[in-house]
2 protein chains.
Amino acid sequence: MNNVQEESLRDQKKFRRRLQILEIARGIIATKGLRSLKVRDVAEAAGCSVGSVYNEFGDFDGVILTVNRETVQALTARLSGVPAEDPVRQLYGLAETYLDFFAEHANLLRSLFEHRMEDDRPYPDDILQMVMDAFALMHPPLVRALPDADDVQIALLSRTLFSAVHGIISLGLEERMVAVPPQMLRQQVTQFLDAHLVGLGVLPAR
Amino acid sequence: MNNVQEESLRDQKKFRRRLQILEIARGIIATKGLRSLKVRDVAEAAGCSVGSVYNEFGDFDGVILTVNRETVQALTARLSGVPAEDPVRQLYGLAETYLDFFAEHANLLRSLFEHRMEDDRPYPDDILQMVMDAFALMHPPLVRALPDADDVQIALLSRTLFSAVHGIISLGLEERMVAVPPQMLRQQVTQFLDAHLVGLGVLPAR
DNA sequence: GATTCTTCTTGAACATTGTTCATTTTCGCG
DNA sequence: CGCGAAAATGAACAATGTTCAAGAAGAATC
C-alpha cells in the first residue's frame, strides 16, 4: 500500500471522467431539473458507457448525491464570504446571499432539498450535516447581536431563522407558483429580517 | 344532452373506482412516500387494470396531482377551522394547526410541494391558486392586528409569514435531517411568531 | 328481450430508464 | 513482451410508465 500520489495514467483518466460526469449531470439538473436527468444522457454526453457511471458512483443516486454535496459546499463557500464586521449587517448579508445563490441555482437547490432516496435508504449523513452547518452560519452573528442569550437558544434560533428565510425564498422563487419579482423578493426578505430583529431586540423599534 | 344527474350504473362504478384509486394512492404516498407510488401497485390494490387508471386520470401525474389537490383542500379546511375571535390568537392557531397537519401528513405535503412535472409541463394553476389561498388565510387576522397598514403590504406580509412558518416546519420535520423533537418544534414556531409579532408592533416588547 | 351502438375495461405489447455482469480492453509491472 | 489486475463496455435484464386493439359491459332503440 503506497499512500504517495501515484498520478498514474489510469487514475488521471478516472478522475477526469468523474469530474466530467458530475459537470454534465449538474448542467442537466440546473437547466432542465432533476427529473430530466437520465443515465444514458449523462453517459453519452460524457463519452462513456452507462456501466462506467455505475462503476464510478455505485448507482444513479450516487451521481445526484455527489452533485448535491458539491452544491452545499458551493453554498457554504458563498455564505462564508459574507463580511463579519457588523453582526446585524452579516445577518442581512447571509439572507441576501442565500437569495442570490438560490436564484442563480434554483434547480440545484431543489435537487438538494427535494431529492428522496428509494425505499427507506437513509440520506447521507455528511450532506445533512453540511446543510445544518450552512444554516448554522447565522450562529456567530446572532451570538454577537444577543450577548446575553443562552448559547443553546441561539443555536435553535439560528436554525429557525435560516429555515424561515429558506421558506420565504424557496416558495418565492417557485416559478410553479405565481412568481414573485426578484426585486420584490429581496425586499420581502429584508423586511422580514427587519421585523424579526426588532422583535428580538437587536434593532430598535421604528 | 341531459343535465340531470342520471346516476347511471356506469357512472356509479366509475365514480366508486375513482375514489378507490385515489384512496389507495394517497395511502401509499402517505406511508411510503411519493417515490414508492407505482401504477401497477395502485391498479392491483384497486382491483383493476393499469389501463383503467390511465383512462380515469390521463397519466400517472394525474393521480398524483389529484391527491395533491385534495391535500390542499383538506389543509384549507383545517386552517379554516381556526377560531377568529382574537386575531393574534388566530395567527398562532394557524401556525400550530399547520404544524399539526404537516406532522400528521408529512409525506402528502411533501408530495404537494416537491412534485415536479415531466419536461416543462406547467403545474396545474388551480392547485397553485389553492396553495396561495391557504397561505392567504393569515391575511384577515393581520388586517385586524395592523389596522393602519396598507392592504397590499399585508397581502405580501401574509405570504411572507406563512412561507417562513412553512420553512421552519418543513425543515424541522425533515426526518432526513437531525430530527427536531415535535414539542421543541412547536415551541420554535411559537417563539418565532412571538418575536415577529413584537417586531411588527402587534405585541408589546418583553 | 333482442339488437345495435357507445363506452369502458382489459392486459399484452411497447417505451423508457435504472441496473447488472460476462466479456473485452486497458494499464501497470516485472 | 507477457501476465495479471483493474476498468470499460454494452448487451441483456428489470422495473415501471404508456398505449391500444380487442373484448366486455352497459345504454339505447326497436
Touch class at under 4.0 angstrom, heavy-atom based, for A:R35 against every strand present: nothing

Sugar-phosphate, base or nothing in reach of A:F60, heavy atoms under 4.0 Å: sugar-phosphate

Separation of atom [atom1] in [X] from atom [atom2] in [N], rounded to whole Å:
X	N	atom1	atom2	answer
B:F15	C:dT9	CZ	P	14 Å
B:E56	D:dG17	CD	P	18 Å
A:Y54	D:dA12	OH	C1'	14 Å
B:R17	C:dT7	CZ	P	18 Å
A:K14	C:dG28	NZ	P	13 Å
B:D61	D:dT18	CG	P	7 Å
A:R121	C:dG18	CZ	P	14 Å
B:R40	D:dT18	CZ	P	11 Å

B:D61 versus B:Y123, side-chain donor and acceptor atoms under 3.5 Å: no

Donor on one side chain, acceptor on other, A:D133 and A:Q129, under 3.5 Å: yes

Full working for side-chain contact (heavy atoms from CB on, under 4.5 Å) between A:H115 and B:E114: CA-CA 9 Å; A:H115 179 60; B:E114 296 173 3; over 6 Å; no

May I ask you to evaluate whether [X] reaches the phosphate of [N], defined as a side-chain N or O under 4.0 Å from OP1 or OP2?
X	N	answer
A:N55	D:dA7	no
B:K13	D:dG26	yes
B:S49	C:dT10	yes

Check: B:H166 ring centre within less than 6.0 Å of B:F162 ring centre: no

Closest nucleotide among C:dT17, D:dT9, D:dT18 to the B:V50 side chain: D:dT18

Residue whose nearest DNA chain C nucleotide is more 5′ - A:K38 or A:G58: A:K38

B:E104/B:R78 ion pair, N-O < 4.0 Å: yes

